[in-house]
Amino acid sequence: MPELPEVETVRRTLKNFIIGKKITEIRIHYDKIVSGNTDTFVTALTGQTIRDIDRVGKYLVFILDQDAFISHLRMEGKYNIVDASKPLNKHEHLTFVFSDGTELRYQDTRKFGRLELVNKVTYRHDLPLCKLGPEPWDADPNAIYAKIHKSNLPIKTLLLDQTIMTGIGNIYANEICFTMKIDPTTPGKRLSKKRVVELIAVSKEILAQAIAQGGTTIHSFDANGITGLFQMQLQVHTQKICQICNGPITKEMVRGRGTYYCSTCQKKKG
DNA sequence: ACGTCCTCCTGTTCGC
DNA sequence: TGCGAACAGGAGGACG
């Protein structure tokens, strides 16, 4: 899925198109795309106007007059803004019809993404968002250190754990480990507090750069025609040759996720 | 409580 | 070329 920078790019792009638009009808073409009762979702939101779009980690939060709903894009979710006359494509699973003749459609080839009605006032404190750790810029090094300094799990796996920090996915986890010059399989407990401080700083820096570039486009991500450029700056993810030492990039599976690193430049050091 | 595996889906790429 | 296996920006649940 899009990671935090891609979701942030979608949020900013979408805001330009749909703030102030009134939903006159909602059509669900694939029931499971909505968590919980679909009738409740449709009934609650129909007639309301979209006032804002928030983001928590990789979740988008659409704020309406009385209610809100969250949307997680998982691997391939995206939003299309189209004229109502445009035929539905086979991967568009939910349509918001607006009063101005346009539509917002949720498209998701793999159908992994989910939308869910939430309480507009308390959503940050309710499931599922209350389980998320801080985004890197809000992270307290002592708190992060406390969560990982006893763990035998690879540091890369810990970076993907959204309850420790939220927003980092597989691409940026690989990039962060490269910048840290740390072997992604290094157990979390090998990191000193000083290295955890660095880890947070590097995470912040890489996500911020990616946001500035409009995210990373590898497979399917794009925000209504806005294609991210960060893939131009990837150091290890999907790369073959290390830019630093010219040696080969190793690819191996770490806990089921494709993991790229340079075995010369990245060492198991805390 | 923690770590590992499976599952949800479809499309594309890889290897024999 | 053909065909099945493996893999893809994710994460929740089952199991030992």
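Everything numeric in this text was worked out from a predicted model, so none of it was measured. Sequence lines set the chain letters: A, B, ... in the order given, protein chains first and strands last, and positions in each chain run from 1.
Taking atom P in both C:dG4 and B:dC9, the straight-line distance is 22 Å, to the nearest Å. For the P atoms, the distance from B:dG11 to C:dA11 is 23 Å, rounded to whole Å. C:dA5 and B:dC6 have their P atoms separated by 16 Å, with the value rounded to a whole Å. Comparing the P positions of B:dC5 and C:dA6 gives a spacing of 15 Å, expressed to the nearest Å. With P as the reference atom, C:dG9 and B:dC14 are 14 Å apart, rounded to whole Å.
Among the nucleotides B:dT4, B:dG11, C:dG9, the one closest to the side chain of A:P2 is C:dG9. Nearest to the side chain of A:M253, among C:dG9, B:dC9, C:dA8, sits C:dA8. Closest approach to the A:T109 side chain among C:dG9, B:dT4, B:dG11 is made by B:dG11 (side chain taken as heavy atoms from C-beta onward). Closest to the A:Q162 side chain, of the nucleotides C:dA11, B:dG11, C:dG12, is C:dA11. Closest to the side chain of A:F112, out of C:dA8, C:dG9, B:dC8, is B:dC8. Side chain of A:S151, nearest nucleotide from B:dG3, C:dA8, C:dG12: B:dG3.
Taking the side chain as every heavy atom from C-beta outward, A:R255 and A:T157 approach each other to under 4.5 Å.
Side-chain contact annotation: A:K21 with A:T102, donor-acceptor N/O pair under 3.5 Å present. Side-chain contact check for A:N80 and A:K86: no donor-acceptor pair (N or O, by modelled atom type) lies under 3.5 Å.
Nucleotide B:dC9 holds its P atom 3 Å from the NZ atom of A:K32, rounded to whole Å. Between A:R11 atom CZ and C:dG9 atom P there is a gap of 25 Å when expressed in whole angstrom units. Distance, A:L73 CG to C:dA11 P: 11 Å, rounded to whole Å. One atom, CZ of A:R110, and another, P of C:dA8, lie 10 Å apart when rounded to the nearest Å. Rounded to whole angstrom, the span from the CG atom of A:D31 across to the P atom of B:dC8 amounts to 17 Å. A:E6 places its CD atom 14 Å from the C1' atom of C:dA8, with the value rounded to the nearest Å. Regarding A:Y59, its OH atom lies at a distance of 9 Å from the C1' atom of C:dG12, rounded to whole Å. Across the protein-nucleic acid pair, A:M75 atom CE and C:dA11 atom C1' stand 10 Å apart, rounded to whole Å.
Map A:Y260 and A:T166 each onto its nearest nucleotide of DNA chain C; the residue landing nearer the 5' end is A:Y260. Residue-to-nucleotide proximity on DNA chain C shows that, of A:R255 and A:K251, the 5′-proximal contact is made by A:K251.
A:K150 comes within 4.0 angstrom of no nucleic acid atom, judged by non-hydrogen atoms across all strands.
Using a 4.0 Å cut-off between charged side-chain N and carboxylate O, A:K15 and A:D52 make a salt bridge.
At least one test fails for A:K78 against the ring of A:Y106: distance under 6.0 Å to the centre or angle within 45° of the axis.
Paired with A:F69 under the rule side-chain contact (heavy atoms from CB on, under 4.5 Å), one option of A:L60, A:L45, A:V61, A:V118 passes, and it is A:L45.
Under the Watson-Crick or G-U wobble criterion, with both distances below 3.5 Å, C:dA5 is paired with B:dT13.
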